[in-house]
Protein chains: 2
Amino acid sequence: MAMTIAEVSERFELSQDTLRYYERIGLIPRVNRTKSGIRSYTEEDCKWVEFVKCMRGAGLSIEVLVEYVELFLRGDETAESRKELLIEQRDLLQSRTEEMLRTLQRLNDKIDRYEQTIGRKEKTLKRLD
Amino acid sequence: MAMTIAEVSERFELSQDTLRYYERIGLIPRVNRTKSGIRSYTEEDCKWVEFVKCMRGAGLSIEVLVEYVELFLRGDETAESRKELLIEQRDLLQSRTEEMLRTLQRLNDKIDRYEQTIGRKEKTLKRLD
DNA sequence: ACTTGACTTGGAGTTCGCTCCAGAGAGTAC
DNA sequence: GTACTCTCTGGAGCGAACTCCAAGTCAAGT
């Protein structure tokens with residue numbers, strides 16, 4: 001059940017360095033070690049890794065995720081703060097996503113215009129043949 | 001019609017340093033200067049600034065935008081390459097956007113669960129009164 | 001003529017988020 | 001026991017994208 005850093009690295013496609021870095025800065029709670037000091041990831045640890053990978057992938061900052069973990073570790077009485085933090089980040093993510101959708105549309109329009117322009121050019125060339 | 005860097009900075013909410021930086025690295029074509037060496041932005045220059053701001057805002061890399069500008073400056077025969085570059089970036093942007101939409105959904109679910117948990121807690125507290 | 005303020009350039013400095021490395025300590029294989 | 005492999009820690013290094021700074025130029029106002 002418990003996994004080594006090599007296995008977790010493989011499983012989530014994050015480098016061992018990144019996993020150690022994430023733990024060092026508190027982006028995931030501290031992982032337990034064997035008596036000889038080697039990390040032994042539980043399924044719970046893996047859930048944190050997966051969560052953080054997902055949130056980082058969407059662009060949430062390390063800073064805010066560290067804060068989330070800190071709140072989590074302080075226990076139940078921080079549930080409200082955690083919820084507020086999540087709402088704030090959700091709103092940020094939403095507006096960034098909306099901006100990206102608009103830009104996506106713009107890129108598609110631009111590509112369409114390129115298609116038309118190049119299409120016209122080809123026609124012209126054919127006519128010249 | 002022509003604008004100073006201060007006006008362009010104001011108009012697009014980009015610092016003067018950023019505008020100069022963008023020009024220096026070729027993210028926008030070179031802006032003409034007055035005889036005394038001061039930048040004088042035409043409406044055309046402003047369109048580039050706006051385009052770049054939009055694309056950077058969606059996360060396109062500086063590197064790829066510089067390449068786009070270079071191709072543009074080489075003229076009509078690069079239209080096809082420019083189109084391909086745009087398609088590539090469009091596809092990248094699309095998958096990033098999709099990832100963000102999935103994460104957005106996940107965040108919303110998580111917030112919902114927080115709402116329920118906190119709701120239950122409040123009820124319990126009330127019952128204890 | 002001189003001060004003020006906006007602008008110039010080239011280059012150094014900063015922040016974020018990793019990524020790499022050196023040196024050391026275990027566990028396994030022979 | 002010694003070679004090999006995996007892992008550890010603390011710290012240095014790196015690339016991207018700005019951001020700041022020093023020293024100098026120029027135009028306008030008084």
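Within every chain, numbering begins at 1; the chains are lettered A, B, ... in the order of the sequence lines, protein sequences first and strands thereafter. Below, all heavy atoms of this structure are taken into account, side chains as well, without hydrogens, waters or symmetry copies.
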Spell out, as yes or no, whether a donor-acceptor pair under 3.5 Å connects the side chain of [X] to the backbone of [Y].
X: B/S15; Y: B/T18; value: yes
X: B/Q89; Y: B/L86; value: no
X: B/E23; Y: B/R20; value: no
X: A/K53; Y: A/L14; value: no

Whole-Å gap separating [atom2] ([N]) and [atom1] ([X]):
X: A/L14; N: C/dG17; atom1: CG; atom2: P; value: 15 Å
X: A/N32; N: D/dT7; atom1: CG; atom2: C1'; value: 16 Å
X: A/R33; N: D/dT7; atom1: CZ; atom2: P; value: 13 Å
X: B/L19; N: C/dT9; atom1: CG; atom2: C1'; value: 16 Å
X: B/R30; N: C/dT8; atom1: CZ; atom2: P; value: 10 Å
X: A/M3; N: D/dT7; atom1: CE; atom2: C1'; value: 16 Å
X: B/L27; N: D/dT19; atom1: CG; atom2: P; value: 14 Å

Looking only at heavy atoms, which two atoms of A/D45 and A/V31 are closest? And how far apart?
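Looking at all heavy atoms of both residues, the shortest contact is OD2-CG1, 3.7 Å.
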If you look at every heavy atom in A/T103 and B/C54, which pair is closest and at what distance?
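Heavy atoms only, the tightest pair is OG1-SG, 3.5 Å.
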Base-contact (B) and sugar-phosphate-only (S) positions in nucleotides 19-30 of chain C, heavy-atom cut-off under 4.0 Å, - elsewhere:
BBB----SS---
NA contact type, A/I25, heavy-atom cut-off 4.0 Å: base, sugar-phosphate, or nothing?
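No contact.
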Full working for side chain to side chain contact (heavy atoms under 4.5 Å, CB included) between A/D109 and A/Q105
CA-CA 6 Å; A/D109 293 350; A/Q105 186 55 55; 3.0 Å; yes
Among D/dC18, C/dC18, D/dT9, which is the nearest nucleotide to the side chain of B/Y22?
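Output: D/dC18.
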Enumerate the residues from residues 41-66 of chain A whose closest heavy atom to DNA chain C is under 4.0 Å, giving them by residue number; use none for an empty result.
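Here the set is A/R56, A/S61, A/I62.
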Counting just side-chain N and O atoms, does B/R39 come under 4.0 Å of either OP1 or OP2 of C/dT8?
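Answer yes for this pair, as a side-chain N or O of B/R39 is under 4.0 Å from OP1 or OP2.
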Considering only heavy atoms from C-beta outward, does the side chain of A/L19 approach that of A/F12 to under 4.5 Å?
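A side-chain contact is absent here, since even the closest heavy-atom pair is not under 4.5 Å.
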Would you be so kind as to tabulate the donor-acceptor pairs closer than 3.5 Å made by side chains of residues 55-69 of chain A, with sequence neighbours excluded?
unit_1 : atom_1 : unit_2 : atom_2 : d
A/R56  : NH1    : A/L60  : O      : 2.5
A/S61  : OG     : A/V64  : N      : 3.2
A/Y68  : OH     : B/Y114 : OH     : 2.8

